[in-house]
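Encoded as structure tokens, the structure appears first; notes follow it.
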Amino acid sequence: QVQLQESGPGLVKPSQTLSLTCTVSGGSITTNYYYWSWIRQPPGKGLEWMGAIRYSGSTYYSPSLKSRTSISRDTSKNQFTLQLSSVTPEDTAVYYCAEGLLVYDYWGQGTQVTVSS
């Protein structure tokens, strides 16, 4: 019954910060043992796990993106947010939010984000 929906700008300029929000319905992001992840897929490439926030609020990041990535949450709105700073055209991708850490039971539909001037 859990549903996830990504939202945010579809176009971001180089050097700016990409910010996306995932709104969760049908379940609470604070439910015990759940992880909530951000995953992206650049054109022609595979899925890349970016990071996650646990039900407790603890965060985890891909080593390759850790320096630029921040995941936070707003429990009152049942939302969690991705911020990716200093973006370049290589950050152009479809961005997904999902429930899980290694395997995922629920996915958002994904949102295209293009980094371009």
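Bear in mind that the values here come from a model prediction, so they are computed numbers and not experimental data. These values consider heavy atoms only, across backbone and side chains, with no hydrogens, waters or symmetry-generated copies.
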Within-4.5 Å side-chain heavy-atom neighbours: [X] and [Y]:
X: Thr17; Y: Ser85; answer: yes
X: Val24; Y: Trp36; answer: yes
X: Ser86; Y: Gln16; answer: no
X: Asp105; Y: Val2; answer: no
X: Val113; Y: Asp91; answer: no
X: Tyr55; Y: Tyr33; answer: yes

Is the backbone of [Y] close enough, under 3.5 Å, to the side chain of [X] for a donor and an acceptor to pair up by distance?
X: Asn78; Y: Thr23; result: no
X: Glu6; Y: Gly110; result: yes
X: Gln5; Y: Cys22; result: no
X: Thr69; Y: Leu65; result: yes

Mind checking the [atom1]-[atom2] spacing from [X] to [Y]? Nearest 0.5 Å is all I need.
X: Ser62; Y: Met50; atom1: OG; atom2: CE; value: 8.5 Å
X: Ile71; Y: Ser37; atom1: CD1; atom2: OG; value: 7.0 Å
X: Lys77; Y: Thr81; atom1: NZ; atom2: OG1; value: 9.0 Å
X: Gln79; Y: Leu4; atom1: CD; atom2: CG; value: 11.5 Å
X: Tyr95; Y: Thr111; atom1: OH; atom2: OG1; value: 10.5 Å
X: Thr92; Y: Leu11; atom1: OG1; atom2: CG; value: 8.5 Å

Over all atoms of both residues, closest heavy-atom pair of Pro43 and Ala93: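 Shortest heavy-atom contact: CD-CA, 4.4 Å.
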Which heavy-atom pair separates Pro9 from Ser19 by the least distance, and what is that distance?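 That would be CD-O, 3.6 Å.
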[X] and [Y]: same hydrophobic cluster, using ILVMFWY side-chain contacts below 4.5 Å?
X: Tyr61; Y: Ile39; result: no
X: Val94; Y: Leu84; result: no
X: Tyr35; Y: Leu47; result: yes
X: Leu18; Y: Trp49; result: no

Who are the side chain to side chain contact (heavy atoms under 4.5 Å, CB included) partners of Thr30, not counting sequence neighbours?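 Residues passing side chain to side chain contact (heavy atoms under 4.5 Å, CB included) with Thr30: Ser28, Arg73, Thr75.
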Using the rule ring pair (Phe, Tyr, Trp, His ring centres under 6.0 Å), only one of Tyr104, Trp107, Tyr96, Phe80 pairs with Trp38; which is it?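 One option only clears the test, and that one is Phe80.
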CD/Gln3: more than 12 non-hydrogen atoms of other groups inside 6.0 Å: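 No, because the 6.0 Å sphere around CD of Gln3 holds 12 heavy atoms or fewer from other groups.
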From CA spacing to verdict: side-chain contact (heavy atoms from CB on, under 4.5 Å), Tyr60, Arg54: CA-CA 8 Å; Tyr60 311 85; Arg54 205 181 183 198; 3.7 Å; yes
